[in-house]
Structure formats: C-alpha cells, structure tokens
Amino acid sequence: MARKKASSSKAYRKASPSQGVYLRKSARRMIKGKPDVCFDISYQIGNRLIWEKVGWKSEGYSLEMAQAVRAERMQAIRQGQPVNILSGPKKAPFFKELAEQYLIWAKENKSGGARDDHSRYKKHLAPRFGEMPVNEISALHLEKMKSELRKEGLSLGSIEHCLKLFRQIINKAKLWGLYEGDNPIKGVKIPNAQNGRIRFLSYDEARRLLEELKKVSPQVHDMALISLHTGMRAGEIFNMKNYDIDLENGIIDIPDSKNKQSRKAFMTEGIKAILKERARGKPMEYVFKSSKRGRVMEVSDSYSRVVERLGFNEGIKDRRYKITFHSLRHTFASWLALQGETLLTIKELLGHKTLEMTLRYAHLLPDQKREAALRLEKAFGKGSKGTNNSQYYTHCT
C-alpha cells in the first residue's frame with residue numbers, strides 16, 4: 001500500500017522511482033555539503049501498514065539496498081514467514097508526519113471539517129509540535145498550549161477543537177500502526193465550551209430561507225429542506241446514495257451516521273417529490289453531486305450568503321445563536337418538541353447516542369410538563385375521596 005505523495009515540497013517523505021521505497025532529506029545531517037538522505041520502505045502485513053527505516057546515505061545505504069530489503073520483506077510475507085525488521089532502536093515519528101497522514105485522510109473522509117482541521121493544525125499545532133518527536137510531547141506541553149491560546153484570545157470552543165484535533169491525530173496514528181506510544185492528551189482536561197445551538201428558525205424564517213435558496217441554488221434548497229424535515233446532518237445528506245432511498249415506503253436509510261449507528265429518516269411529501277426527481281441514477285451514485293459529479297464535500301457558500309442577505313445573523317456574535325446549516329437539524333428537533341413529541345421519539349429521529357443529548361429540548365415542553373402535574377393532582381384527588389388525608393400524611397412521616 002503506497003503512501004500518497006504530498007503536494008507540498010516540504011513533505012517529510014517523497015516516493016522514489018522504486019515502488020514502496022521513500023526518500024527523506026535531513027534538515028540537520030549533511031553529506032559532502034548536501035543534506036543527507038534516509039531510505040525508508042513501506043509494506044503491508046495483513047491490515048497493518050509498516051514503515052521501516054533502512055538507513056542513511058552517509059552510513060553507506062543506497063536506493064538499491066533499500067529495494068533489496070523491501071524485496072526480502074515481500075518474499076517473506078508471500079511465503080507466510082516472519083518478517084525480520086531491521087534491528088536497532090525504533091525512533092518515534094515526528095508529530096508533523098502523523099499530522100500529514102491524518103490530514104490526507106480527513107480530506108477524503110471528513111467533508112467540510114477537513115478545511116477546519118488543516119487551518120487549526122497550521123495555525124496552532126504545527127508551530128508548537130510539528131518538529132517534535134511524538135514521544136517527547138507531554139501533557140504539560142498541551143496544558144501550556146491551552147494557556148497560551150487563552151491569552152491569545154481564542155474562545156473555549158476553538159481551544160477545545162485544537163485539543164480534540166491533537167487527540168484524533170495520535171489516535172488515528174495508533175490505529176494505523178504508525179505510533180505505539182501513549183497519547184499525552186489523556187492527562188489533559190479538554191474544556192467543554194457548551195457550543196450547542198440554542199436558536200432555531202421560526203416557521204416564517206424557514207419559509208423565507210427556502211424561498212431564497214430555491215432562487216439561488218436548487219440543490220442547496222433541496223438539501224436544506226431534507227435537513228429541516230428529517231434532522232439529517234450535512235454529512236449524512238452528502239453521503240446519501242440512490243440505494244438508500246425507499247420511495248415506496250417513504251424511508252431514507254442512514255447507514256453511516258456520526259455516531260457509527262444506522263438509523264432511518266422518514267420522508268415528508270416535499271422530500272418524496274425531491275427524491276423522486278433526484279434519485280434516478282445508478283444505485284451506487286450519490287443523490288447530490290458536486291460539480292465534478294462526485295460526493296459533495298461541504299455546504300455551498302450560497303447558503304451563508306442567503307442567510308446573510310436575510311439578516312438572520314446581523315449583530316449576533318455568540319455562535320450558539322447564529323444560523324448555520326446545522327441550525328436546520330436543531331430546528332427540526334425543536335419543532336418536534338414544541339408539537340409535543342416525546343424526548344425518546346426525538347432521540348431516535350436525531351440518532352442521538354444517549355437520551356442526555358436530547359434533554360436540551362426538554363425546556364420546549366412546558367405545557368406538557370404542566371399538564372402532567374395537573375393530571376397527577378386530579379388523579380390523586382379522585383383516589384382520596386372518602387379517605388382521611390390527614391391520617392395518610394401521618395402514616396407517611
């Protein structure tokens with residue numbers, strides 16, 4: 001499994017003409033007035049990707065020697081024999097190596113979140129940890145970063161995202177077999193910024209938003225309507241394929257949700273009309289396609305432009321009150337609560353892992369809670385007819 005070549009000229013490893021052999025130039029070691037070159041090889045044992053250092057040019061190693069070592073490894077793997085990795089202490093990778101692999105993966109799998117990850121890494125993580133071996137990064141380093149970012153004026157939410165990005169880079173590296181040490185984030189308390197959306201759209205605001213979106217981008221309009229009527233996340237809509245659509249029964253299968261749990265969404269008549277037109281291609285094709293006919297990776301800027309033109313976020317600085325695409329999912333849940341649906345129903349439709357995540361909508365059910373208390377009082381009054389209530393209270397104390 002060959003590693004993808006990074007587009008940056010500063011990539012840590014570069015592919016050689018020989019398959020599975022990579023070159024990396026040292027920033028410190030020199031040979032004959034030029035940067036020393038190390039030869040690395042890559043191969044796969046089962047599902048595990050192995051990176052092995054062969055040696056430096058200054059130590060007498062060459063591209064041909066690296067080719068020979070890799071050929072020996074491949075032959076042993078094909079014959080089912082144990083692979084004898086070159087002896088010597090195994091050095092921990094630099095953080096930038098692991099981050100590079102993670103960002104490549106994020107670009108292919110995290111839709112719009114990849115751009116945020118890249119920005120956070122470049123601004124906050126790379127300057128502090130990029131040139132450090134991972135095993136030298138401690139919880140103290142991360143606590144220091146927390147303090148520095150706070151002094152720089154970053155919000156708790158931004159600091160939380162930076163720490164979670166660090167955690168995910170290391171965790172993915174361990175999963176991929178690129179690093180075997182502990183994750184230093186385990187010793188760090190990640191702040192909980194409580195960034196959940198508070199504001200949701202009124203029915204009139206939602207109608208105005210959809211009307212304007214339809215004029216600007218029918219595709220964005222359709223995605224917005226689906227989110228508003230089903231509570232689906234943007235990424236779940238981007239991932240939707242034709243075979244996930246059951247028009248006859250009015251059901252959308254969501255096999256890859258954020259919580260790694262499948263669920264179903266139920267179509268309104270408006271959604272059914274949209275999908276009847278859009279879900280006409282081959283079963284494996286995406287319902288919504290990018291300009292290159294592939295998967296949509298992020299919500300179009302036309303959405304935010306329409307929100308701005310409607311003035312929904314004018315003068316609002318607290319992100320919890322700003323209208324974003326995710327606000328459509330929050331609006332869906334809020335409307336359900338206002339019409340008296342149970343928290344368990346809302347939980348199942350949103351695909352929340354725990355009921356605790358759904359409790360944020362409980363405050364929208366004041367009438368139901370009041371009526372429940374009144375019904376209890378009424379039932380108690382009926383049950384206590386012909387009884388001596390004062391005697392009852394005496395026995396209970």
Side-chain angles (χ1 to χ4, degrees), residues 4-8 100-122 161 165 168 172 206 209-247 251-260 262-263 265 267-268 270-310 322-332 351:
K4 291 189 176 182
K5 186 177 179 181
S7 59
S8 170
E100 176 191 328
Q101 291 299 308
Y102 173 84
L103 293 173
I104 291 172
W105 172 85
K107 188 174 181 181
E108 296 175 349
N109 294 276
K110 286 194 68 178
S111 65
R115 186 167 59 181
D116 294 332
D117 283 347
H118 186 274
S119 176
R120 290 186 190 108
Y121 170 73
K122 187 175 180 180
H161 284 308
L165 175 58
Q168 197 160 12
K172 285 293 184 184
L209 176 63
L210 291 172
E211 286 170 3
E212 289 302 311
L213 285 174
K214 197 163 192 176
K215 297 174 186 174
V216 174
S217 170
Q219 173 156 293
V220 177
H221 164 273
D222 291 353
M223 289 193 290
L225 182 65
I226 289 173
S227 182
L228 193 63
H229 283 195
T230 67
M232 290 175 67
R233 301 176 178 91
E236 293 167 348
I237 296 172
F238 300 160
N239 287 332
M240 191 164 52
K241 294 184 177 179
N242 292 329
Y243 65 68
D244 295 322
I245 308 303
D246 181 354
L247 286 170
I251 293 172
I252 303 172
D253 282 316
I254 307 173
D256 301 312
S257 71
K258 181 180 178 181
N259 295 325
K260 309 300 180 187
S262 62
R263 74 178 195 281
M267 300 179 197
T268 59
I271 292 176
K272 195 176 287 188
I274 287 171
L275 295 180
K276 192 173 181 180
E277 292 298 316
R278 288 193 174 273
R280 287 181 168 184
K282 296 178 181 178
M284 291 296 293
E285 287 183 352
Y286 292 108
V287 174
F288 295 100
K289 302 178 183 68
S290 69
S291 57
K292 296 181 180 178
R293 309 299 294 170
R295 179 184 181 275
V296 177
M297 298 302 291
E298 58 188 9
V299 177
S300 168
D301 289 340
S302 58
Y303 180 87
S304 56
R305 287 197 297 269
V306 167
V307 169
E308 183 179 354
R309 187 160 64 246
L310 291 171
K322 287 191 173 182
I323 296 300
T324 65
F325 193 89
H326 193 75
S327 300
L328 303 176
R329 171 177 163 86
H330 179 56
T331 297
F332 165 77

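Quick caveat, the model's predicted, so the values are computed rather than measured. Count residues from 1 along the sequence.
Here S302 pairs with S300 under the side-chain hydrogen bond (donor to acceptor under 3.5 Å, both in side chains) rule; sequence neighbours left out. By the side-chain hydrogen bond (donor to acceptor under 3.5 Å, both in side chains) test, N242 pairs with no residue at all, sequence neighbours left out. Applying the side-chain contact (heavy atoms from CB on, under 4.5 Å) criterion to T331, with sequence neighbours excluded, gives F200, L201, L228, W335. With sequence neighbours excluded, no residue forms a salt bridge (charged side-chain N to carboxylate O under 4.0 Å, His left out) with R305. Qualifying ring pair (Phe, Tyr, Trp, His ring centres under 6.0 Å) partners for Y303, counting only residues two or more places apart in sequence or in other chains: F325. With sequence neighbours excluded, the residues that form a salt bridge (charged side-chain N to carboxylate O under 4.0 Å, His left out) with K215 are E212. Annotation: side-chain hydrogen bond (donor to acceptor under 3.5 Å, both in side chains) contacts of S304 (sequence neighbours excluded): none. Taking K272 as the reference, L247, M267, E269 meet the side-chain contact (heavy atoms from CB on, under 4.5 Å) condition, with sequence neighbours excluded. Judged as a salt bridge (charged side-chain N to carboxylate O under 4.0 Å, His left out), and not counting sequence neighbours, R329 has no contacts. Applying the salt bridge (charged side-chain N to carboxylate O under 4.0 Å, His left out) criterion to D246, with sequence neighbours excluded, gives no partner residue. Evaluation of the side-chain contact (heavy atoms from CB on, under 4.5 Å) rule for K241 yields Y243, D244, M284, Y286 as partners, not counting sequence neighbours.
Within 6.0 Å of CD on E308 lie no more than 12 heavy atoms contributed by other residues, nucleotides or ligands.
The shortest heavy-atom contact between A265 and T230 is CB-CB, 3.9 Å.
Judged as a side chain to side chain donor-acceptor pair (under 3.5 Å), the pairs with a partner in residues 216-227 (not counting sequence neighbours) are, in order, D222-R278.
Of the charged side-chain nitrogens involved, at least one lies within less than 4.0 Å of a carboxylate oxygen, so that R233 and E236 count as a salt-bridged pair.
If you run side-chain contact (heavy atoms from CB on, under 4.5 Å) between M240 and each of I254, V287, D253, only V287 comes through.
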